[in-house]
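These notes are about the structure you will find just below.
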Amino acid sequence: MAAAVAERSPLRIGAGYSFRRAYAAQTYANRARIDVLEIVADHFFDNSKACRRELDLLAEHFILLPHGLDLSLGSADGLDEAYLARFAEVVRRARAPWWSEHVAFTRAGGIAIGHLAPLPFTREALEVLERNLDRARRVIGDLPCALENIAAPVVLGGAEMEEPAFLRALVERTGCSLLLDVENLHANALNFGFDVDCYLDALPAGAVVQLHVAGGEWNGATYVDSHARAVHADVWRLVERVCNRFAPKAIVVERDEALPPFDEVLAEIERARVILMQAAVCR
Amino acid sequence: MPLAALQRALAQLYTRQDARDRFCADPAEFARDFALRPAEAAQLASIGETRLHAYVDSLDRKRANEAARLLPLVAQALGPRFRAEFFRYARRVPLGRGPRRYRDDARRFARHLRGL
Ligand SMILES: [Fe+2]
């Protein structure tokens, strides 16, 4: 079993953002203000020389956290080996302290859904995740991984446990760590009306190594994690609570749509760093 | 493998208009098509049409965003019609597979526009 992140990278890394090529020049220019870059592995699957050089250059200047979107660890059909091989190659080149994916499935019966779809919180789903993660680790190698909670667009009935208990069981069975997406948690709590503190109480405290923060918006009666807005004040408050509880090692700001001037992203990174470091001092 | 069958049914629902039509008309019949056991059939029915359609809209929006990113000049030229036309196209043509699927999607959409 791969070592948990806590044993492998004891240092707190800091704050950064999910790298966008549109910001490449500003990213290098401001590298003193960016402790870590998450890279979406799928954006580096192009096996051209230019793409490999881009990744190598990023790895020379930043701590990189490769993040997969389509490994589909929750697929009962098993993993797509071609995707896994590509993903593993990006992780290897990134020389990362850990890699991350989602507690979700994106493929079934030969169909690509195109986005993260929720799993039922059942023992069978846990077994599938364990089996697929085991296979992924055989190819990626002995590097810690962190699995992320998704924003649930729908909730499947028939759950045998709540999400935090499911995540706890996943950590216990596989030794993985958790990437807690605070915006997704916020969105799920608003859309499905559960208590965030109860959720946090039930999570395995030592397992949370990384946070995502992002902005969302209301679309009718549904709160959507659009990643197209500034981080909401309520989410920042939640980040503070989460940091005080779990002392994560890194916070990554996600901004995918309606990219603002880079100064706004830098300001969010700065704010995340302050929260992370203050929580560290308080502990 | 009940989960595999459930996921296959879900993937159809999330990506195929004809599957959604069949599901909304008769959820029990739809569940039988995928050989779901009663437990999984109940899980499927528990989603609810409202949330299902909201999810499908968000998937289509994501596809439209990717297409607009890949075809920026077309998006600029068409303005709001770009999205309206894309959603019409997306109802009929599901997203493909593989790492190039958004590029393929944009290409297919461009062909669709040419055919108008
Ligand atoms: Fe996230």
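These numbers come from a predicted model, not from an experiment. In what follows, chains are A, B, ... by sequence order, proteins preceding strands, each numbered from 1.
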State, yes or no, whether a side-chain contact exists between A:Asp77 and B:Arg8 at a heavy-atom distance under 4.5 Å.
yes
Turns out that what part of A:Leu69 lies under 4.5 Å from chain B's heavy atoms comes down to neither
Chain B shares the most heavy-atom pairs under 4.5 Å, among A:Leu119, A:Thr122, A:Asp70, with A:Asp70
So, the part of B:Thr15 with a heavy atom under 4.5 Å from chain A: the answer is side chain
Heavy-atom nearest pair, A:Ala112 first then B:Gly96, reads CB-O, 3.4 Å
Whatever's closer than 4.5 Å to a heavy atom in chain A on B:Ile47 counts as both
Between B:Ser46 and A:Gly157 the two heavy atoms that sit nearest each other are OG-N, 2.7 Å
Applying a strict 4.5 Å limit to non-hydrogen atoms, the region of A:Thr106 in contact with chain B is neither
* Given salt bridge (Lys or Arg N to Asp or Glu O under 4.0 Å), test A:Asp46 with B:Arg103 step by step and report yes or no. => CA-CA 12 Å; A:Asp46 177 7; B:Arg103 212 150 61 182; 5.9 Å; no
A:Gly114 and B:Tyr102 have their tightest heavy-atom pair at O-OH, 3.1 Å
Point to revise | Note, A:Glu124 side chain near B:Leu6 side chain (heavy atom, < 4.5 Å) | key: no
Among B:Glu40, B:Arg69, B:Arg63, the residue with the most heavy-atom pairs under 4.5 Å to chain A is B:Arg69
Under 4.5 Å to a heavy atom of chain A? For B:Glu66 that would be neither
Okay, A:Tyr83 and chain B: the region with an atom under 4.5 Å from a heavy atom over there is neither
| query | Do B:Tyr55 and A:His115 have side chains that get closer than 4.5 Å, going by heavy atoms? | reply | yes
Q) Would you find more than 12 non-hydrogen atoms of other residues, nucleotides or ligands less than 6.0 Å from A:Glu81 atom CD? A) yes
Less than 4.5 Å apart, any side-chain heavy atom of B:Leu3 and any of A:Glu127? no
Exceeds 12 heavy-atom contacts within 6.0 angstrom, atom CD of A:Glu217
yes
Indicate yes or no: at least one non-hydrogen side-chain atom of B:Asn65 is less than 4.5 angstrom from one of A:Asp256. no
Q) More than 12 non-hydrogen atoms from neighbouring residues, nucleotides or ligands closer than 6.0 Å to CZ on A:Arg53, yes or no? A) no
Looking only at heavy atoms, the pair that brings B:Arg51 and A:Asn191 closest together is NH2-O, 3.2 Å
Bottom line for B:Leu10: the part with an atom under 4.5 Å from chain A's heavy atoms is side chain
Bottom line for A:Val154: the part with an atom under 4.5 Å from chain B's heavy atoms is both
Donor-acceptor pair, side chain of B:Gln7 and main chain of A:Gly74, under 3.5 angstrom: yes
Most contact-rich option vs chain B, by heavy-atom pairs under 4.5 angstrom, among A:Pro120, A:Ala108, A:Pro153, A:Gly158, is A:Pro153
